[in-house]
Amino acid sequence: MAKFSVPSNLAVSESGFLFVPSSGETFTLNEIGSEIFMMLKKGSEDKEIFETVVDSYDIDLYTFEKDFSDFITQLKNHKLIKEL
Amino acid sequence: MTKRRYERPVITKHHSGFMNKFGNSPVSVPKTEIDGVAVKKLTEEYGSPLFVISEKQIRQNYKNLFRIFRSRYPKIQMTWSYKTNYLNAVCSVFHNEGAWAEVVSAFEYDRARKLGIRGENIIFNGPDKDENALIRAIEEKAKIHIDHFDELYQIIELAEKMGKQAQVAIRVNMDVGIYPKWDRFGFNYENGEATEALRRIAINKNLKLIGLHTHIGTYMMSTEAYRTGASKLVHLANLLKSQFGLVLDYIDMGGGLPSYNTLKGQYLQAEELLPTLEQYADAITAPFFELNYSSDEMPTLFLENGRVLIDDAGFLITQVLANKRLSDGKRAIIIDGGVNILFTSFWYKHKISPAQQTSVHTENAAIYGPLCMNIDCIREDIVLPTLKKGDQLVVHHVGAYNVTQWMQFITLRPNVVMVMEDGSVELIRKSEDLDYIMSLESIPAKLQTGVK
Ligand SMILES: Cc1ncc(COP(=O)(O)O)c(C=O)c1O
């Protein structure tokens with residue numbers, strides 16, 4: 001089980017736009033990306049995110065787990081989250 | 001409750017202020033079918049990876065190029081460059097359209113003969129023609145394009161011994177203003193070697209000089225290079241007529257016209273950069289009107305084009321084996337087709353499209369083959385939608401040189417099919433199997449024991 005921390009000054013807009021005040025960088029997230037990012041910011045654990053997504057989307061758990069790991073890697077790469 | 005349509009989560013960083021180095025992300029239009037046949041259906045039946053060749057496209061390319069030249073110069077003979085793609089079915093389409101065979105080895109010569117092409121309709125090029133092949137070519141009246149003096153004298157000796165006259169031309173290399181110079185093949189124009197060779201041939205009764213040949217290079221981006229090349233051959237032809245009263249049957253301008261594949265290191269797409277076929281044809285044919293020939297003596301213009309006629313008729317269907325992140329966060333896609341079957345990925349940035357509807361989110365990625373070798377990179381940078389394992393990709397413009405230069409390595413070479421003009425699909429080269437590969441090997445008796 002893993003938990004992540006998102007810097008408190010980061011927020012995604014409804015359209016999936018993300019602005020990083022400290023660096024001036026901007027990003028776009030797709031819809032599901034924004035949802036997951038918001039859950040991470042709320043402090044959700046990965047297991048909880050898996051359940052939510054698999055419940056509401058037409059996707060199996062293993063495929064989503066792979067995509068989730070990849071998404072987390074990207075967020076870490078852009079220094080948008082830290083693993084706790 | 002119906003669930004929402006899933007798309008993998010993605011985040012894309014914006015690069016403001018300057019153009020992203022990959023240009024604007026082109027929207028990848030999915031390539032779901034080839035000549036009306038679904039990509040999915042093709043691989044269900046013939047496996048993946050799979051080479052697919054379009055008969056329709058080959059015929060269209062051939063007719064188009066022929067028409068362009070024919071409308072500028074009346075006597076045109078196309079010859080199919082076997083090395084570009086010598087699968088029997090492919091050669092047969094070209095021969096059916098009226099092309100002769102252009103071969104560069106005994107192996108290719110024998111292939112053409114097995115397809116029933118008569119010797120007199122074969123152009124025999126290349127530096128490596130062994131004695132048996134030369135004997136056969138002399139016997140069968142093939143048009144032998146002599147590459148060097150050693151070969152010239154070998155042909156003289158053989159023809160004398162056989163009491164026959166060999167039908168010959170020489171290959172001429174020359175400075176056409178491009179770099180690197182292709183001065184390794186044939187006799188050089190500038191240093192006088194070509195005229196020297198022509199003089200020897202003109203006075204030898206066992207040789208009949210019927211033509212002149214040049215092939216100035218491949219993927220030539222300059223029309224002027226062709227104009228220079230044609231002018232120089234025309235100059236030699238005029239010399240032969242004035243000095244020896246010799247009138248040639250043909251002048252062979254080789255191949256080398258580029259296909260619309262973008263070279264590595266080329267920023268603009270090939271379509272935006274290359275002259276049109278009409279411009280090339282103008283440059284090649286114009287010098288012919290400088291010949292000191294009467295109108296009924298005018299030689300036939302031979303062409304040996306390869307890639308321009310077949311590249312866009314060939315596709316490679318592959319599928320995604322895995323997605324990865326490289327250490328710098330860049331996406332890597334591993335596909336089931338490697339550089340061993342896609343040799344041209346060493347010099348082209350092949351266009352690659354997804355074969356199914358995908359998400360609108362795109363990401364820059366590297367595409368690697370399955371070979372466990374660092375060189376196995378199909379594209380270093382390509383903007384593609386997110387793809388999952390099992391998704392299919394279609395590599396475009398792979399008809400030239402791949403199915404002749406491919407290597408068998410760690411796995412078997414795949415099936416090749418042709419989509420016929422009527423929409424049917426024919427297997428034109430079967431995938432190899434293990435027994436076929438191993439049938440070529442043997443184990444020395446003393447090595448036949450050991451751990452089992
Ligand atoms: C003698 C000769 N003719 C024709 C060709 C076909 O060239 P391309 O595919 O560039 O048209 C080649 C290929 O290198 C060749 O060596």
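Below, chains carry the letters A, B, ... as their sequence lines are ordered, and counting in each starts from 1. Heavy-atom basis, side chains included; hydrogens, waters and symmetry copies ignored.
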**OP:** Mind ranking A:Leu29, A:Ile36, A:Leu18, A:Thr28 by heavy-atom pairs under 4.5 Å with chain B and telling me who comes out on top?
**Re:** A:Thr28
Original post:
Most heavy-atom pairs under 4.5 angstrom with chain B, which of A:Asn77, A:Asp67, A:Val53?
Top reply: A:Asp67
**OP:** Examine B:His397 together with B:Tyr348 and report whether their ring centres are nearer than 6.0 Å.
**Re:** no
**OP:** Please state whether the side chain, the backbone, both or neither of A:Lys76 comes within less than 4.5 Å of a heavy atom of chain B.
**Re:** neither
Subject >> Heavy-atom contact with chain A under 4.5 Å, split by part of B:Asp328 >> reply: backbone
Subject >> Top contributor to chain B contacts, counting heavy-atom pairs under 4.5 Å, from A:Phe68, A:Phe64, A:Phe71, A:Phe37 >> reply: A:Phe71
Subject >> Donor-acceptor contact below 3.5 Å, side chain B:Asn323 vs main chain B:Leu387 >> reply: yes
**OP:** Mind checking salt bridge (Lys or Arg N to Asp or Glu O under 4.0 Å) for A:Glu25 and listing every partner two or more places apart, or none if nothing turns up?
**Re:** B:Lys13
Subject >> Within the 6.0 Å centroid threshold, strictly below: B:His396 and B:Phe315 >> reply: yes
Subject >> Set of residues satisfying salt bridge (Lys or Arg N to Asp or Glu O under 4.0 Å) with respect to A:Asp70, sequence neighbours excluded >> reply: B:Arg8, B:Arg325
**OP:** Please look at A:Phe17 and chain B and tell me whether the side chain, the backbone, both or neither of the residue comes under 4.5 angstrom of a heavy atom of that chain.
**Re:** side chain
